[in-house]
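These notes concern the structure reproduced below.
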Amino acid sequence: MKVRIDYDLCMGDRNCNKVCPEVFEYDQDQFLSRVLVDEVPGHLENQVRKAARECAPGAIIIEE
Ligand code: SF4
């Protein structure tokens, strides 16, 4: 699984960072979250799906 963030949509509320900090890091300078990994480790896939479901503007894009 790969994941990326659409920066035209991200509103920087940090929810993904709280749900899965291993994959999403908050960029304090840009007020956005960033993806830390190229490939999501298998044991974190469900957390990443949860983060995507909870992302209000739908900015988290999962590619299976
Ligand atoms: S949950 Fe969505 S809107 Fe919030 S910081 Fe993460 S990607 Fe951005």
Side-chain angles (χ1 to χ4, degrees):
M1 174 199 277
K2 288 184 184 287
V3 65
R4 59 188 171 86
I5 292 173
D6 183 337
Y7 290 111
D8 290 332
L9 297 177
C10 176
M11 57 187 189
D13 66 355
R14 303 190 70 155
N15 191 64
C16 55
N17 173 237
K18 290 177 193 146
V19 172
C20 191
E22 298 91 339
V23 172
F24 301 102
E25 177 184 60
Y26 188 65
D27 184 330
Q28 307 266 4
D29 296 327
Q30 300 295 319
F31 306 109
L32 297 166
S33 286
R34 300 203 179 281
V35 176
L36 292 171
V37 299
D38 190 38
E39 191 82 26
V40 176
H43 70 286
L44 295 174
E45 287 184 356
N46 283 340
Q47 286 302 98
V48 168
R49 289 192 185 96
K50 182 175 191 294
R53 280 197 307 273
E54 291 185 4
C55 176
I60 296 177
I61 299 155
I62 291 174
E63 294 163 357
E64 305 266 3

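Heavy atoms only: backbone and side chains are in, while hydrogens, waters and symmetry mates are out. Both ligands and their constituent atoms are indexed starting at 1 by order of listing.
In this structure, the separation between CD on Glu39 and NZ on Lys2 is 4.5 Å, given to the nearest 0.5 Å. Once rounded to the nearest 0.5 Å, the distance linking CZ of Arg49 with CE of Met1 reads 3.5 Å. Separating the CZ atom in Arg53 from the SG atom in Cys16 is a distance of 14.0 Å, to the nearest 0.5 Å. Between Lys18 atom NZ and Glu54 atom CD the span is 10.5 Å, to the nearest 0.5 Å.
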Distance-only criterion, 3.5 Å: show the donor-acceptor pairs between side-chain atoms of residues 28-37 and protein atoms not counting sequence neighbours.
residue: Arg34; atom: NE; partner: Asp27; partner atom: OD2; Å: 2.8
residue: Arg34; atom: NH2; partner: Asp27; partner atom: OD2; Å: 3.3

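For atom 8 (Fe) of ligand 1, protein N, O or S atoms under 2.8 Å: 1 in total.
Nearest approach of Ala52 to Ile62, heavy atoms of both residues: CB-CD1, 3.8 Å.
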